[in-house]
Engineer: 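The structure that follows is given in the form of structure tokens.
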Amino acid sequence: MENIEIARVLNEYADLLELKVENRFRIRSYRKAAQMVQGLSTPIAQLIEQGKDLTVLPGVGDSMAEHIMEIFTSGTLKALDGLRKEIPAAVSELMEIERLGPKRTKQLQEQLGISSIKDLQQALDAGKLVRLPGFGKKSIEKLRQAIQTFQKRPKRFLLRDAEQLARPLIEHLGAGGDIEKVEIAGSYRRRMETVGDIDILVASENPESVMQRFQSYSEVVRVLAAGATRGTIILRSGLQVDLRILPRRSYGAALNYFTGSKAHNIALRSLGVEHGLRINEYGIFRVPRGVKPADPEKAEGERIGGADEQDVYRILKLDYVPPELRDARGEIQAAREHKLPELIKLNDIRGDFHMHSKWTDGNNTIEEMVRACEQLGYQYCAITDHSQAVHVAGGLSAKEIMAQLEEINKLRAKIHNIRLLAGCEVDILADGSLDYPDDLLDQLDIVVAAVHSKMAMTKSQMTKRVVKALAHPAVKILAHPTGRLINDREPYAIDLDEVFRAAKVFGVAVELNAQPDRLDLNDKHVQRTREIGVKIAINSDAHSVGQLRFMSYGIDQARRGWMEKQQVVNTMTWPQIGKWLKQRRQRLDTMAGS
DNA sequence: GCCGTTTTCGGCCCGACTGTTTTCAGTCG
């Protein structure tokens, strides 16, 4: 049983407890535990098999540990099965509708027998809701709209798409003046692979004008809320955007609060309480405990920070936590003990080992790609077009790749500031063999191996197939190890732990493919590579000159996986890379000889 | 249900917006 499945059961239990309007702190415990389990890079199964005490995990006490054990052994919770009988499955779906929380959902179910969105629609059409206390004319109209919005709701947006939608809106806001500072916070700033909405933070002394301008953006199709300092709109694309406007002196505290994650915020504020501090989006205040200020800005107490985000961490005696780490995965403890990793940065990257040219499905010539890499300041790059099995991408026959090799050799005479490697993204066939004969592969500088077909194998078959390919002496990098396409294709079944261990033994690097819809490996996989100690390569897989810049999305996910540059092969200088390419061969020769 | 630099009980992050309940509950982030 995978961590994500355990988390799913805990979350479902929390959903149903919520509908029973249970103690909200009890519900939060289950959610917190679910989130913790989901963020764990080590499989729970492994901890249990090693006889580890689960209560050492944050947010897990005796009772939660028992629940997790029960889920692990039986696949479910008895208590959950009981609740499922009591509450129909479609009821929890109701809560996904804007404005419907646990209380109103419960009310609808108990008083009108509404237990699905369909029921709700019918009840609305029949005018039944009018009789309910708390449901006025406006509420009912908004509920109608909310159902429509829910039914048309898009999937989560790729980080890159969100960027492209947000940028013009930020420009629109900026053009109106009255803005001292503006930034996008939320999961966008934490660089999550997808975002559900956009959170914009503005420092301004004239919030009315900024809020006006926000609502007047030409892409707005609905205004959900527009208060004095806070507003929410829906864009034509379906993307929801929240705006928060605060004075400059609160900007840092607000940025911290609005960046999240929620769990990270709660942890920080709890820590604040321990220090006798109140932390909110307006600042950090020294406040006598138990005093509830009527006005957060005039809290009885002394303002001791908030203009800059660093204030929050400094005052709590924590090292600064980069946004990418703020997911309650141990970053606060690490910050307290000065053990945060020194995260890899984009300008640590010295080369790119995976890109395509016009020879297959790329848009640019080899020379154009190499020149662009040169412009990026790289010391080396590899052209890795597809091998013959990938017909749809125009994979190269053996003859064609030899011709390409010739072109590359000629090009080398013209190029002096960057090393050009002749490579190939060679297909791993169903039986684990490679798509070209060995004598051809031997002539290439670098071979990137990848699965592109027959993805519906069993987990053990796929794992065997990939591990066999890793053992081939020519292979240097395993590309997009799970094959997933975000919002489009699930990862194929594969035992990544086994793949990582094999890669480590054979001296192969595993790729973090930086295409915005791949990001494969993902952040949690990256964390696992750290634990296992296998090297990774962050590659753009660019199909055009412009896509070389996708590298930054790979860096984002590497940072989210706590990655430091020492473990990333393409941060090495050219001489080191030259050695790395040879090393692998020597290592295999030794293994063969022993 | 969890947890402890006020420790084994009694707290649990904190505030904005909306609609309708004339003083606040519900929802959201």
Side-chain angles (χ1 to χ4, degrees), chain A residues 10 13-14 17-18 21-34 36 54-68 79 95-108 132-143 146 185-187 196-201 207 211 223-232 240-246 250 253-254 256-285 287-297 299 312 317 328 336:
Chain A
L10 290 173
Y13 192 53
L17 287 180
E18 211 160 24
V21 193
E22 259 276 2
N23 178 312
R24 64 203 170 98
F25 298 109
R26 188 166 168 241
I27 295 165
R28 185 195 289 172
S29 302
Y30 284 98
R31 294 224 186 274
K32 213 174 149 189
M36 186 278 304
L54 295 180
T55 61
V56 301
L57 298 170
V60 176
D62 291 340
S63 167
M64 197 64 74
E66 268 178 42
H67 288 326
I68 293 173
M95 278 209 300
E96 286 182 43
I97 297 209
E98 176 105 32
R99 315 176 57 78
L100 283 187
K103 296 260 172 79
R104 285 191 189 129
T105 302
K106 192 181 183 198
Q107 189 188 3
L108 288 172
L132 282 189
F135 284 85
K137 226 176 175 180
K138 261 188 170 170
S139 293
I140 289 172
E141 190 40 46
K142 291 224 162 170
L143 213 47
S187 49
D197 61 10
I198 291 282
D199 303 293
I200 300 176
L201 183 66
M211 189 60 74
V223 178
L224 293 184
T229 68
R230 184 169 207 158
T232 301
Q240 176 174 321
V241 184
D242 294 335
L243 173 68
R244 189 70 199 266
I245 310 163
L246 291 105
S250 295
N256 184 252
Y257 155 69
F258 236 23
T259 298
S261 65
K262 190 170 176 164
H264 181 83
N265 284 347
I266 290 176
L268 285 182
R269 290 177 178 194
S270 304
L271 204 56
V273 172
E274 283 175 29
H275 290 259
L277 304 170
R278 165 169 284 117
I279 301 173
N280 58 29
E281 54 264 57
Y282 297 101
I284 305 139
F285 304 89
V287 179
R289 282 197 80 174
V291 176
K292 277 265 174 194
D295 179 348
E297 268 290 280
V312 179
K317 299 195 177 9
R336 186 166 19 201

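By convention in this document, chain letters (A, B, ...) are assigned in the order of the sequence lines, proteins followed by strands, and residues within each chain are numbered from 1. Since we're looking at a predicted model, the values are computed, not measured.
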Engineer: Taking C-beta and beyond as the side chain, do A:L271 and A:R336 meet within less than 4.5 Å on heavy atoms?
Structural biologist: yes

Engineer: Tell me whether the OP1 or OP2 atom of B:dT18 has a side-chain N or O from A:S139 closer than 4.0 Å.
Structural biologist: no

Engineer: Could you say whether A:A65 or A:M95 is positioned toward the 5' end of DNA chain B, judged by the nucleotide with the nearest heavy atom to each?
Structural biologist: A:A65

Engineer: Would you please confirm or rule out a distance under 4.0 Å between OP1 or OP2 of B:dC17 and any side-chain N or O of A:T229?
Structural biologist: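 For B:dC17, OP1 or OP2 has a side-chain N or O of A:T229 closer than 4.0 Å.
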
Engineer: Please check the phosphate of B:dC13 (OP1 and OP2 only) for any side-chain N or O of A:Y282 closer than 4.0 Å.
Structural biologist: no

Engineer: Apply side chain to side chain donor-acceptor pair (under 3.5 Å) to A:T55 and list each qualifying residue two or more places apart in sequence or on a separate chain.
Structural biologist: A:D53

Engineer: Roughly, in whole Å, what's the span from CG in A:L10 to C1' in B:dG1?
Structural biologist: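 That distance rounds to 12 Å.
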
Engineer: Would you mind reporting whether A:I284 and A:V312 have side-chain heavy atoms less than 4.5 Å apart?
Structural biologist: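 SC-SC contact between A:V312 and A:I284 confirmed.
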
Engineer: Can you check the distance between B:dT6 and B:dC2, where both ends of the measurement are the P atom (answer in whole Å)?
Structural biologist: 23 Å

Engineer: Could you check whether A:Y13 and A:H67, counting side-chain N and O atoms only, form a donor-acceptor pair closer than 3.5 Å?
Structural biologist: no

Engineer: I need the CZ-P distance between A:F258 and B:dC28, as an integer number of Å.
Structural biologist: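 The answer, rounded to whole Å, is 15 Å.
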
Engineer: Determine, for A:E22 against A:K106, whether the closest basic-nitrogen to carboxylate-oxygen distance falls under 4.0 angstrom.
Structural biologist: no

Engineer: Whole Å only: how far is the CG atom of A:N23 from the C1' atom of B:dC12?
Structural biologist: 9 Å

Engineer: Got a list of protein N/O to nucleotides 23-26 of chain B N/O distances below 3.5 Å?
Structural biologist:
from	atom 1	to	atom 2	distance (Å)
B:dG26	OP2	A:K103	NZ	3.0

Engineer: So what's B:dT8 paired with, Watson-Crick or G-U wobble, going by both distances under 3.5 Å?
Structural biologist: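 Partner of B:dT8: none.
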
Engineer: Output yes when at least one side-chain N/O atom of A:N265 is less than 4.0 Å from OP1 or OP2 of B:dC13, else no.
Structural biologist: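 So the side chain of A:N265 is outside the cut-off, no N or O lying under 4.0 Å from OP1 or OP2 of B:dC13.
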
Engineer: Taking the side chain as everything from C-beta on, heavy atoms only, tell me whether A:I245 gets closer than 4.5 Å to A:L243.
Structural biologist: yes

Engineer: Could you tell me if the side chain of A:R31 sits less than 4.5 Å from the side chain of A:K262, heavy atoms only?
Structural biologist: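 The answer is no; the side chains never approach within 4.5 Å.
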
Engineer: Can you figure out which of B:dG29, B:dC2, B:dT20 approaches the side chain of A:D242 most closely?
Structural biologist: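 Of the options given, the side chain of A:D242 lies nearest B:dG29.
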
Engineer: Taking the side chain of A:E274 as its heavy atoms from C-beta onward, which of B:dT5, B:dC28, B:dC2 lies nearest to it?
Structural biologist: B:dT5

Engineer: Rounded to whole angstroms, how far apart are CD1 on A:I198 and P on B:dC28?
Structural biologist: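 Going from CD1 in A:I198 over to P in B:dC28 covers 20 Å.
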
Engineer: Using a heavy-atom cut-off of under 4.0 Å over every strand shown, decide if A:I97 touches base, sugar-phosphate, or nothing.
Structural biologist: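 The answer is sugar-phosphate, as A:I97 gets under 4.0 Å only of primed atoms, P, OP1 or OP2.
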
Engineer: Classify the glycosidic conformation of B:dT5 as syn or anti, calling it syn when the angle lies within 90° of 0.
Structural biologist: anti

Engineer: Mark yes or no for whether A:D199, through its side chain, and A:D242, through its backbone, hold a donor-acceptor pair below 3.5 Å.
Structural biologist: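 A pair under 3.5 Å: no.
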
Engineer: Base, sugar-phosphate, or nothing for A:K137, non-hydrogen atoms under 4.0 angstrom?
Structural biologist: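 Sugar-phosphate, backbone atoms only, no base.
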
Engineer: Of the candidate nucleotides B:dG1, B:dA16, B:dC13, which contains the atom at the shortest distance from the side chain of A:V273?
Structural biologist: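 Per side-chain heavy atoms of A:V273, the pick is B:dC13.
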
Engineer: Expressed as a whole number of Å, how far does the P atom of B:dT18 sit from that of B:dC13?
Structural biologist: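 Between the two P atoms, the distance is 26 Å.
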
Engineer: Please report the distance, rounded to the nearest Å, between CD in A:E141 and P in B:dT20.
Structural biologist: 12 Å

Engineer: Below 4.0 angstrom, which residues in residues 25-33 of chain A have at least one non-hydrogen atom near DNA chain B?
Structural biologist: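 Listed by number, they are A:F25, A:R26, A:R28, A:S29, A:Y30.
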
Engineer: Any side-chain heavy atom of A:L57 sitting closer than 4.5 Å to one from A:M64?
Structural biologist: no

Engineer: With heavy-atom distances below 4.5 Å as the criterion, would you say the side chains of A:D197 and A:T232 are in contact?
Structural biologist: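 Sidechains of A:T232 and A:D197: no contact.
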
Engineer: In whole Å, measure the gap between the P atoms of B:dG15 and B:dG10 for me.
Structural biologist: 25 Å

Engineer: For the residue pair A:T259 and A:H264, establish whether any side-chain heavy-atom pair is separated by less than 4.5 Å.
Structural biologist: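 When only atoms from C-beta onward are counted, A:H264 and A:T259 do not touch, as no gap falls below 4.5 Å.
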
Engineer: Across the strands shown, which category fits A:E66 at heavy-atom distances under 4.0 angstrom: base, sugar-phosphate, nothing?
Structural biologist: nothing

Engineer: Indicate, with a heavy-atom threshold strictly under 4.0 Å, whether A:T232 touches base, sugar-phosphate, or nothing.
Structural biologist: nothing

Engineer: For A:R269 and B:dC3, give me the distance from atom CZ to atom P, rounded to whole Å.
Structural biologist: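 Value for this atom pair: 21 Å.
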
Engineer: Given atom CG of A:L271 and atom C1' of B:dG11, what is their separation to the nearest angstrom?
Structural biologist: 17 Å

Engineer: Starting from P on B:dT27, measure out to NZ on A:K106 and report it in whole angstrom.
Structural biologist: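 Spelled out: NZ on A:K106 to P on B:dT27 is 12 Å.
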
Engineer: Go nucleotide by nucleotide along DNA chain B from the 5' end; which of A:I266 and A:G59 gets its closest nucleotide reached first?
Structural biologist: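 Looking at DNA chain B, the more 5' nearest nucleotide goes with A:G59.
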
Engineer: Using the C1' atom in both, what is the distance from B:dT20 to B:dC14, to the nearest Å?
Structural biologist: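 My reading of the C1' atoms in B:dT20 and B:dC14 gives 24 Å.
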
Engineer: Which part of the nucleic acid, if any, lies within reach of A:A267 when heavy atoms closer than 4.0 Å are counted: base, sugar-phosphate only, or nothing?
Structural biologist: nothing

Engineer: Between A:M95 and A:P102, is any pair of side-chain heavy atoms under 4.5 Å apart?
Structural biologist: yes

Engineer: Roughly how many Å apart are B:dT23 and B:dC9, using the C1' atom of each and rounding to a whole number?
Structural biologist: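 Per the computed distance, 33 Å lies between those C1' atoms.
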
Engineer: Base, sugar-phosphate or nothing for A:L268? Non-hydrogen atoms, less than 4.0 Å.
Structural biologist: nothing

Engineer: Expressed in whole Å, how much space separates the C1' atoms belonging to B:dC3 and B:dT8?
Structural biologist: 9 Å

Engineer: Between B:dA16 and B:dT5, how far is it from one C1' atom to the other, in whole Å?
Structural biologist: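 Between the two C1' atoms, the distance is 33 Å.
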
